[in-house]
Amino acid sequence: EVQLVESGGALVQAGGSLRLSCVVSGVDFDEYDIGWFRQAPGKEREGVSCISEDIRENDIIYYKDSVKGRFTISRDNAKNTVYLQMNSLKPEDTAVYYCAAGDRVTPSTVTSGDEYDYWGQGTQVTVSS
């Protein structure tokens with residue numbers, strides 16, 4: 001059974017930091033690109049960041065424009081885990097954050113949820129002003 005389990009969401013004040021984790025099991029982790037998406041109440045899901053299975057070969061690291069310079073994605077293949085370090089958080093970052101795994105993601109499709117095969121259950125991030 002494939003499982004993606006997110007953690008690290010919390011209530012934080014604007015300007016604060018959080019680190020989200022996504023632990024993946026049930027698949028060959030190092031063969032999958034991992035994306036972070038978020039969905040705020042009343043809004044569509046949007047792609048936040050993505051990291052390829054091997055940045056030495058595929059070199060996909062994507063960030064949504066509004067998080068560039070504030071968020072950093074990384075992966076530890078030995079731990080089957082992807083991290084999203086979020087700094088300088090803003091109220092508009094408030095959303096449920098999901099991680100997703102796909103093995104056919106390309107630089108032009110990183111934000112398309114259809115390209116990802118497996119999804120986690122989400123973790124709530126709330127940033128107060």
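- Test Asp33, Asp76, Ile73 against Val82 for side-chain contact (heavy atoms from CB on, under 4.5 Å) and you get one pass: Ile73.
- Although no hydrogens or angles enter the test, the distance criterion places a donor-acceptor pair under 3.5 Å between the side chain of Asn80 and the main chain of Val24.
- Tracing side-chain contacts under 4.5 Å through hydrophobic residues (I, L, V, M, F, W, Y), one reaches Ile61 starting from Ile34; they form part of the same cluster.
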Show, in sequence, the C-alpha distance, side-chain angles and deciding distance for Ser21 and Glu6, and conclude whether the side chain to side chain contact (heavy atoms under 4.5 Å, CB included) test is met.
CA-CA 5 Å; Ser21 299; Glu6 303 98 333; over 6 Å; no
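- With sequence neighbours left out, Tyr98 forms a side-chain hydrogen bond (donor to acceptor under 3.5 Å, both in side chains) with no residue at all.
- A pairwise comparison of heavy atoms in Ala14 and Pro91 identifies CB-CD, 4.1 Å as the closest pair.
- Pairing each heavy atom of Ser17 with each of Asn87, the nearest pair is OG-OD1, 2.9 Å.
- The main-chain N or O of Gly9 is found under 3.5 Å from a side-chain atom of Thr123 such that the two form a donor-acceptor pair.
- Residues Ser49 and Lys64 form no side-chain contact, since every pair of their non-hydrogen atoms from C-beta on lies 4.5 Å or further apart.
- A 4.5 Å side-chain heavy-atom check between Leu4 and Tyr116 finds every atom pair outside the cut-off.
- The closest side-chain donor-acceptor pair between Ser112 and Thr109, if any, does not fall under 3.5 angstrom.
- Within the cation-pi definition used here (under 6.0 Å to the ring centroid, within 45° of the axis), Arg104 does not qualify as a partner of Tyr32.
- Aromatic ring centres of Trp36 and Phe71: separated by at least 6.0 Å.
- Val23 and Trp119 are assigned to two separate hydrophobic clusters, defined by single-linkage of ILVMFWY side chains at heavy-atom distances under 4.5 Å.
- For the atom pair CD of Glu92 and OG of Ser129, the computed distance is 10.0 Å after rounding to the nearest 0.5 Å.
- A salt bridge does not link Asp30 with Arg75: every distance from a Lys NZ or Arg NE/NH1/NH2 to an Asp or Glu carboxylate oxygen is 4.0 Å or more.
- Between Phe29 and Asn77, the shortest heavy-atom distance links the atoms CE2-OD1, 3.1 Å.
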Please evaluate residues Val27 and Tyr118 with respect to the criterion side chain to side chain contact (heavy atoms under 4.5 Å, CB included), reporting the C-alpha separation (whole Å), side-chain torsions for both, the decisive distance (0.1 Å), and the verdict.
CA-CA 10 Å; Val27 294; Tyr118 307 105; 4.0 Å; yes
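- With values rounded to the nearest 0.5 angstrom, Arg70 atom CZ is found 12.0 Å from Gln85 atom CD.
- Thr126 pairs with exactly one of Val96, Thr94, Leu18 by the side-chain contact (heavy atoms from CB on, under 4.5 Å) rule, that one being Thr94.
- Using a 4.5 Å cut-off on side-chain heavy atoms (C-beta onward), Val12 and Ser128 make no contact.
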With side-chain hydrogen bond (donor to acceptor under 3.5 Å, both in side chains) as the test, would you mind laying out the steps for Arg38 and Tyr97 before giving the verdict?
CA-CA 4 Å; Arg38 68 186 181 187; Tyr97 283 70; 2.9 Å; yes
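- Of all non-hydrogen atoms in Thr111 and Phe37, the two that sit nearest each other are O-CE2, 3.5 Å.
- Contact check on Lys90 versus Asp93 returns no salt bridge, with no Lys/Arg side-chain nitrogen under 4.0 Å from an Asp/Glu carboxylate oxygen.
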Tell me, with the steps shown, if Val125 and Met86 meet side chain to side chain contact (heavy atoms under 4.5 Å, CB included).
CA-CA 10 Å; Val125 171; Met86 305 187 298; 3.9 Å; yes
Side chain to side chain contact (heavy atoms under 4.5 Å, CB included) between Tyr83 and Leu20, worked out
CA-CA 6 Å; Tyr83 304 98; Leu20 305 184; over 6 Å; no
